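To start, the structure under review is shown below, and the notes come after it.
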Amino acid sequence: MQNLLHNLNPEQLAAVTLPAQSALILAGAGSGKTRVLTTRIAWLIQTGQISPSGILAVTFTNKAAKEMLARLSAMLPINTRGMWIGTFHGLCNRLLRTHYKDAALPQTFQILDTQDQLSAIKRLLKAFNVDDDKFPAKNVMYFINNAKDAGVRAAQMEAFDANERKMIELYELYDEQCQREGVVDFAELLLRTYELLSRNQPLREHYQQRFRHILVDEFQDTNDLQYKWLKLMSGQGASAVFAVGDDDQSIYAFRGANVGNMRAFETEFRVQNLIKLEQNYRSHGHILDAANILISNNSRRLGKNLRTDAGQGEPVRVYEATSDLQEAQWIIEESKNLINEGVKRSEIAVLYRSNAQSRVIEHALFSAGIPYTVYGGLRYFQRAEVKHAIAYLQLMDNPHNDSAFLRVVNFPARGIGVRTIELLQNAATQYGISLYAAVPYMTGKAGASLGSFVKLIEGARFETQQFALPELVRVVLDASGLLAHYATEKEGADRIENLEQMVNAAKQFVSEEGYGQDAPAHLGPRSDAQAGQAIVNADGLEILDADAPLSTVMSPLSAFLSHASLEAGDNQAQAGQDAMQLMTVHSAKGLEFDNVFIAGLEEGLFPHESSSKENDGVEEERRLMYVAITRARKRLYMVFSQTRMLHGQTRYNVRSRFFDELPEESLKWLSPRVQAQWFGNRKSAWDDAPLTFGADKALTQRVAQKSSGWRIGEAVSHSRFGEGVIVNLEGSGDNCRAQINFGSHGMKVLDLSVAKLEKLGR
DNA sequence: GGCCTGCAGCTTTTT
DNA sequence: GCTGCAGGCC
């Protein structure tokens, strides 16, 4: 125990050892959030307050879930496999597989990823002759997902105009189509589980009693449905919900995340303990000052100020480029200098607001011969050839998945044309069955070609009945004709490699999930003998506990297909290479680097112009900027450009308003004159260079700072205005004034010889 | 059935 | 300015 808790700072320790009540932990960037979460779990178990099975820990990404599991097994000598640690979607998948009957799903229901969902909607629009100019598939998808993320079904929605009426109708039809095909989209996983537990009291009570401790990571990213889900799971807070998050890092409003959930949580879960983790273990002082002061411009914050023991470090370097091209060149030139000084390439990150910005930077890096990796892009299971192979597997597991059917019925080409498919569609619609099931109704040439496709699938299933998953995958790659097809293609070598890779992915999956290496990939209907712990409710209905081993609720094949949808795999990032890191600010969240460039800091781009139209849009952009700044450990560069190519046109930009919200004291502006000097003797911007413009303000601030004893970025407390951050200092001697941001009390300028201020936290 | 061309769209992303 | 998709043509 001593071991577990030592090295925690006082706030971390307080959070870890809180009593069994709901609590909100405001965890700043780099404050040891994951450590607190995992230590809390370990502490609860080690002190005997709960058994591992009584814990439910929810994350948003698989990466975060894996990280928690890894750290936990390093801390505790327990088998973590049975623990309920996972993503919202992963946990819901598990619940729905176990209770598939109660959830009115087939045992082998399949999960649509976003691509699949969009194509399913396109298909629906075609089938019902919907004008796709008036109702673009994408808009229909947004409408449906927004509704589901809010926890609302079509039947519960009210239309205010004809357009909305149609949308609701399409939502209804889409749900029917999914039900018929035995598929669920991502939002449906959550909504179905929510409805299942709402409706089924014994089941609900069973899980509520079981999970006495629920821990939530990145709470600021929860959407309305996830919040409702947590309320339900915890029995309105009867179980202790330990929510960890940072309202200042909420950057996913566009996909339904609602920061308001944090405040709602505070009141609805009657939170007695709000703990702020403000000690930062990542960045130097100037970087944190910049972050603190920038974010103090946001309203309605829960309030938080990061501090560090690391010292002020270097001021942030600001560079103005003449064009996006020159911006890229400067970044590369500066990176070269860093690398020459011994910096590892992987410790240099270039962050940007939008993906389109990467092209110019990539080009410059390529020309300079510097290895780099770009985050984002296609993940393994999203590649066309891999999706094709998956579609064959899906048909073997659930032949009623029409999306899978259409994807591969004529790929590789086997003479099944549009006309044939049309006839088949008609038959399927007429009988209200799936395309696969409609094949026997087809006659003539169409019937023959379709019949042989069905035989192919059935044959593969029969042949592989006793096969383990990796062997089954191997057979399908061959029998489908996919390998042969790509062998004839000029550029097919990479695709073949990706396909072969799937056998390895299957091997790895089987061993990681604890299936026997030789366990048959297919599974017959679940027998009672296989069933996990059986619970019989008051009505005599049998409820299975989802704690049963995965292998009794999912065949290796079904589980692998879930895995392919829920964990799309890595992107192409070549691991192992020491390469510079390029990514959007969004994907940088949670990462950290010694050296960080933030590029494209111009009005219209960052903050993005489309954000000014949205409610609180600029505040979200500011949070995004806050995330970007706090990625840097030692050196931070902020770069902007006078001109930039966008949508084929040169745009003339002014620098981002965020520069005006940063403490001049923590910035060092580099001018082209100074830049010439570095290019000459190949020194980086970190060698002492004269301050250029911006110096006057910085000088004023330094004088004021010295004579007042206060520092920009410092957290203060005022008897009337509460807690705040010093944003600016001016004057000298007894005549110093401080501009202080008091959050909800607003920005104040106070005379330091009069105002009674207290230092906070340092 | 595959290739070619023309046109729309263009912020961020995980599951 | 580039990409991705849909529809048309050979």
Side-chain angles (χ1 to χ4, degrees), chain A residues 58-65 86-93 111-119 122 126 132-133 136-139 145 148-149 184-191 193 217-218 221-223 225-226 250-257 324 351-360 363 375-379 381-382 384 410-421 485 488-489 562-569 571 583-590 600 604-614 617 620-621 623-625 627-628 644-651:
Chain A
V58 201
T59 64
F60 277 86
T61 64
N62 293 297
K63 198 176 154 200
T87 62
F88 277 103
H89 295 84
L91 296 169
C92 286
N93 181 40
I111 302 165
L112 302 181
D113 66 19
T114 312
Q115 272 178 51
D116 301 331
Q117 188 187 17
L118 187 65
S119 62
K122 283 183 182 166
K126 261 202 190 115
D132 54 1
D133 280 334
K138 272 210 176 115
N139 292 5
N145 287 342
K148 288 191 180 186
D149 285 344
V184 298
D185 57 54
F186 288 133
E188 183 73 23
L189 281 171
L190 284 150
L191 186 50
T193 309
D217 190 19
E218 305 277 17
D221 288 338
T222 50
N223 65 30
L225 179 56
Q226 285 158 339
S250 163
I251 55 171
Y252 286 111
F254 70 92
R255 65 177 200 215
D324 48 352
L351 311 185
Y352 35 79
R353 174 69 242 264
S354 73
N355 284 303
Q357 288 169 257
S358 79
R359 257 197 53 247
V360 183
H363 184 80
Y375 275 59
L378 270 198
R379 320 270 284 292
F381 283 108
Q382 294 172 338
N410 197 35
F411 192 95
R414 44 177 76 88
I416 299 175
V418 197
R419 184 77 199 118
T420 304
I421 296 302
H485 170 83
T488 66
E489 258 192 6
S562 295
H563 166 81
S565 302
L566 291 177
E567 293 190 51
N571 52 31
M583 68 194 81
T584 63
V585 180
H586 280 95
S587 29
K589 192 176 157 211
L605 187 58
F606 200 173
H608 200 276
E609 56 194 349
S610 54
S611 72
S612 59
K613 298 181 207 105
E614 288 155 36
E620 174 119 340
E621 295 288 306
R623 290 191 289 267
L624 198 51
M625 182 67 185
V627 168
R644 184 175 298 277
M645 275 292 241
L646 201 68
H647 307 328
Q649 282 182 321
T650 305
R651 306 226 317 197

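Each chain gets a letter, A, B and so on, in the order its sequence line appears, and its residues count up from 1. Note that this is a predicted model, so its numbers are computed, not measured.
- First and last contacts of DNA chain C with chain A, using any nucleotide atom under 4.0 Å from a protein heavy atom and ordered 5' to 3', fall at dG1(C) to dA6(C).
- Considering only heavy atoms from C-beta on, Tyr375(A) stays 4.5 Å or farther from Thr584(A) through its side chain.
- Nearest approach of Leu566(A) to Gly90(A), heavy atoms of both residues: CD1-CA, 4.1 Å.
- Side chain of Asp132(A) to main chain of Pro136(A): no donor-acceptor pair is present (N/O by atom type, distance under 3.5 Å, no hydrogens or angles).
- Remark: C1' of dT15(B) and CD of Gln226(A) are 9 Å apart, rounded to the nearest angstrom.
- Using a 4.0 Å cut-off between charged side-chain N and carboxylate O, Asp221(A) and Lys589(A) make a salt bridge.
- Base orientation of dT12(B): anti (glycosidic angle beyond 90° from 0).
- Atom CG in Asp221(A) sits roughly 10 Å away from atom C1' in dT14(B) (whole-Å rounding).
- Rounded to whole angstrom, the span from the CG atom of Asp116(A) across to the C1' atom of dT15(B) amounts to 13 Å.
- Remark: the His608(A) side chain and the Ser610(A) side chain contain an N/O donor-acceptor pair separated by less than 3.5 Å.
- Heavy atoms of Asn62(A) sit under 4.0 angstrom from primed sugar atoms or phosphate atoms, though from no base atom.
- A tilted orientation is assigned to the rings of Tyr252(A) and His586(A), their planes being inclined by 30° to 60°.
- Across all strands shown, Lys122(A) has heavy atoms under 4.0 Å from sugar-phosphate atoms exclusively, and none from any base.
- Every residue two or more places apart in sequence or in another chain that forms a side-chain hydrogen bond (donor to acceptor under 3.5 Å, both in side chains) with Thr222(A) is listed here: Asn261(A).
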Mind listing the N/O atom pairs, protein and nucleotides 4-13 of chain B, below 3.5 Å?
{"from": "dT11(B)", "atom 1": "O4'", "to": "His608(A)", "atom 2": "NE2", "distance (Å)": "3.3"}
{"from": "dT11(B)", "atom 1": "O4", "to": "Glu614(A)", "atom 2": "OE2", "distance (Å)": "2.8"}
{"from": "dT12(B)", "atom 1": "OP1", "to": "Asn355(A)", "atom 2": "N", "distance (Å)": "2.7"}
{"from": "dT12(B)", "atom 1": "OP1", "to": "Asn355(A)", "atom 2": "ND2", "distance (Å)": "2.9"}
{"from": "dT12(B)", "atom 1": "O4'", "to": "Arg353(A)", "atom 2": "NH2", "distance (Å)": "3.2"}
{"from": "dT12(B)", "atom 1": "O2", "to": "Arg353(A)", "atom 2": "NH2", "distance (Å)": "2.7"}
{"from": "dT13(B)", "atom 1": "OP1", "to": "Thr584(A)", "atom 2": "OG1", "distance (Å)": "2.7"}
{"from": "dT13(B)", "atom 1": "OP2", "to": "Asn355(A)", "atom 2": "ND2", "distance (Å)": "3.3"}

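- Using a 4.5 Å heavy-atom threshold, the side chains of Gln357(A) and Ser354(A) count as touching.
- Residues Gly600(A) and Leu605(A) come closest through the heavy atom pair O-CD2, 3.5 Å.
- The base of dT15(B) is not paired with the side chain of Thr61(A) by any donor and acceptor separated by under 3.5 Å.
- Taking atom C1' on both dC5(C) and dT12(B), the two are 22 Å apart, rounded to the nearest angstrom.
- Asp113(A) comes within contact range of no nucleotide atom at all, as no heavy-atom separation falls under 4.0 Å.
- As rounded to whole Å, 8 Å separates atom P of dT15(B) from atom CD of Glu567(A).
- For the pair Asn145(A) CG and dT14(B) P, the interatomic distance rounds to 16 Å; values are reported in whole Å.
- Heavy-atom distances to DNA chain B give each of Gly415(A) and Leu566(A) a nearest nucleotide, and the one nearer the 5′ end belongs to Gly415(A).
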